[in-house]
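Everything on this sheet refers to the single structure shown next.
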Amino acid sequence: MDIEQIIRSLPGWEDRALVIEAAIPVLASPSWRGVDGAPLVARDTQTGAQLFVKQLHVDTAFYIDADAAFQAARIAGEAGVGPRVLFADAGARVLVSEYLGAGWRTAGLEHAADPGFIDRVLAARAKLAAGPALPARADVFADLQRFAALIADSGAPTAPDLHYAYDTVMLAAERASGDAPVPIHGDGNLSNVLFHTSGEIRLVDYDRAGMGSPCEELGSALVEMCAFEPPARAAFSRAAARFGLPDNDEVFDRIRLCGVADDLRWAMIGMLMGHLSPRKHEEFYKFGLWRMVRLRAALRDPRFGERLRSVA
C-alpha cells in the first residue's frame, strides 16, 4: 500500500506538502527497536505537523498477528495508554498514529534506576489491564510451544542450551500464568515506553498484547526494568494492588517465572528471525543470544528451583 496515499486519505491531510522519512534508527541488538515494522514519520513541511507510521514487515508474521495488534493499539489509544490510532489496515500491515514529538522521549535502562519511573510505567500497564478487553489471547507459554515447534520444523540454528532451557521453563507452564485474564501489553522492552517531561507515560507496539495473566505483564516488565531481586520485589509490592494481586511471595515467584519465560520467548524469536528473515543485515541472532545471557543467569540462580517447587 502506498504510504503517501494512506496519509492523504486522512481528514485534514489531503493537500499537505508531505515528506515521508525514517522515524528512528532501527536496531535489532541489543534493544530490538524499530525491527518489527518500518518506523516512518509523515511530516507537513509547511506546518511541521507529523504522524507516525508503522508498516509491519512480512517476515514477522509468524509471531505478530497484525489484526490483533492493531485492534489492541486502537483500544489502548482510546484509553489514553498509547498514542491515538488514526488508520489501521491489517491486510497491508500499516498503522498510522499520532506522533508524540516535543517533550517525549523513548525510555532506556538508565531510567529504570528511578523507582518513581518504574511505578509510572506499571501504573500505565495497570490502566490498560483495567480497560476494555483485547481481541487476542496472550500466553507466553503457548508462544514457547509454538516457537519450539517452528524451530524444529525449520531447522533454525539455536544456542546449544536452548532446548534444555525450554524443557526447564515449561515445567512452570501449568500454573505460572493461570490467573483470570486481563488486557496486557505483553512486552516489557523499554523501547516500547515513551515518557514526557511532565512524567506522563505512553506504551507503544501492541504486537504481544491480548488477554493474559497480570503476572505475565508484570513479569515481562520487571525482568527488563529490575536486574536484581530486591528492587523487583519492592516494585511488585507497590504495584500489586493496582493489578488486583495479593502482595505475597507465591505471586511474586510466578511473576519472576513469567519474566524468565519472556526472555526465552525473545531468544527464540531472535534466533528464528536470524534463520527465516531475508533481512540478513540485522543482528537478530545476536539479540537472541543477549536474551539467553539473562535467561542462563536466572536458571542457575538457586531461587529458580525454589520457585518451580512453589509454583509448579
Side-chain angles (χ1 to χ4, degrees), residues 1-3 5-6 22-24 26-29 31-40 52-77 82-83 85 87-97 134-158 162 166 183-189 191-192 203-212 216 220 261-288 290-291:
M1 245 179 138
D2 183 78
I3 300 299
Q5 181 183 356
I6 291 171
I24 57 173
V26 173
L27 189 66
S29 175
S31 65
W32 201 266
R33 187 182 183 202
V35 172
D36 300 319
L40 305 170
F52 182 80
V53 182
K54 178 179 180 178
Q55 186 167 29
L56 287 171
H57 294 295
V58 174
D59 57 11
T60 65
F62 76 87
Y63 69 96
I64 297 177
D65 179 334
D67 184 52
F70 291 175
Q71 287 188 58
R74 188 180 295 279
I75 291 169
V85 172
F87 173 92
D89 186 317
R93 300 176 75 78
V94 175
L95 181 81
V96 181
S97 62
L134 302 181
R137 180 79 173 97
D139 184 339
V140 63
F141 295 101
D143 283 348
L144 293 182
Q145 289 181 306
R146 188 159 53 87
F147 297 150
L150 184 54
I151 286 169
D153 290 344
S154 67
T158 66
L162 185 135
Y166 172 76
I184 68 172
H185 178 275
D187 187 349
N189 192 330
S191 66
N192 294 330
L203 304 177
V204 299
D205 288 348
Y206 289 80
D207 306 330
R208 304 252 55 81
M211 301 300 292
E216 182 171 333
S220 72
D262 186 65
D263 272 337
L264 177 57
R265 169 169 57 187
W266 280 105
M268 286 179 160
I269 290 173
M271 291 171 186
L272 280 165
M273 285 290 284
H275 180 63
L276 299 175
S277 173
R279 292 182 283 155
K280 300 305 181 186
H281 60 285
E282 300 289 358
E283 296 181 317
F284 296 125
Y285 191 89
K286 182 181 174 185
F287 175 81
W290 276 118
R291 298 299 289 247

Distance, nearest 0.5 Å, that separates [atom1] of [X] from [atom2] of [Y]:
| X | Y | atom1 | atom2 | result |
| --- | --- | --- | --- | --- |
| Asp187 | Leu203 | CG | CG | 10.0 Å |
| Leu56 | Ile64 | CG | CD1 | 5.0 Å |
| Thr60 | Asp36 | OG1 | CG | 6.0 Å |
| Tyr206 | Ile184 | OH | CD1 | 12.0 Å |
| Met268 | Leu162 | CE | CG | 5.0 Å |
| Trp290 | Ser29 | CH2 | OG | 6.5 Å |

Kindly give the heavy-atom pair with the smallest separation between [X] and [Y], and that separation in Å.
| X | Y | result |
| --- | --- | --- |
| Phe284 | Gly274 | CB-N, 3.5 Å |
| His57 | Ala38 | NE2-N, 3.5 Å |
| Ala156 | Leu272 | CB-CD2, 4.0 Å |
| Pro135 | Ala68 | CG-O, 3.9 Å |
| Phe62 | Leu150 | CD1-CD2, 3.6 Å |
| Ala88 | Leu95 | CB-CD1, 3.8 Å |

request  = Apply side-chain hydrogen bond (donor to acceptor under 3.5 Å, both in side chains) to Asp263 and list each qualifying residue two or more places apart in sequence or on a separate chain.
outcome  = Arg291, Arg294
ask   = Can you list the residues that meet the side-chain hydrogen bond (donor to acceptor under 3.5 Å, both in side chains) rule with Tyr166, with sequence neighbours excluded?
value = none
ask   = Going by the side-chain hydrogen bond (donor to acceptor under 3.5 Å, both in side chains) test, which pairs reach into residues 147-158, not counting sequence neighbours?
value =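 Listed once each, the pairs would be none.
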ask   = Do Glu282 and Phe287 have side chains that get closer than 4.5 Å, going by heavy atoms?
value = no
query = Tell me, do Ile151 and Met271 make a side-chain contact under 4.5 Å, heavy atoms counted?
reply = no
task = Hey, could you give me each pair passing salt bridge (charged side-chain N to carboxylate O under 4.0 Å, His left out) that has a residue in residues 265-276? Not counting sequence neighbours.
result =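 Sorted result for residues 265-276: Asp143-Arg265, Glu216-Arg265, Asp262-Arg265.
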task = Name all pairs fulfilling the salt bridge (charged side-chain N to carboxylate O under 4.0 Å, His left out) condition that reach into residues 57-77, sequence neighbours left out, sorted by first residue then second.
result =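 Non-adjacent pairs meeting salt bridge (charged side-chain N to carboxylate O under 4.0 Å, His left out): Asp59-Arg279.
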For [X], side-chain contact (heavy atoms from CB on, under 4.5 Å) partners two or more places apart:
| X | answer |
| --- | --- |
| Leu27 | Pro30, Ser31 |
| Ala23 | Pro39, Val41, Phe52 |
| Leu40 | Ile3, Ile20, Val53 |
| Ser191 | Arg33, Thr106, Asn189 |

query = Who pairs with Asp205 by salt bridge (Lys or Arg N to Asp or Glu O under 4.0 Å), at least two apart in sequence or on another chain?
reply = Lys54
inquiry  = Could you work out, with ring-ring contact (aromatic ring centres under 6.0 Å, His included) as the rule, every residue matching Trp266, not counting sequence neighbours?
reply    =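 Checked Trp266 against ring-ring contact (aromatic ring centres under 6.0 Å, His included); matches are Trp32.
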message = Tell me every residue that passes ring-ring contact (aromatic ring centres under 6.0 Å, His included) with Phe70, counting only those two or more places apart in sequence or in another chain.
response =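 In terms of ring-ring contact (aromatic ring centres under 6.0 Å, His included), with neighbours along the sequence ignored, Phe70 is linked to no residue.
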query = Given Arg208 and Ser220, is the side-chain hydrogen bond (donor to acceptor under 3.5 Å, both in side chains) satisfied, shown in steps?
reply = CA-CA 11 Å; Arg208 304 252 55 81; Ser220 72; over 6 Å; no
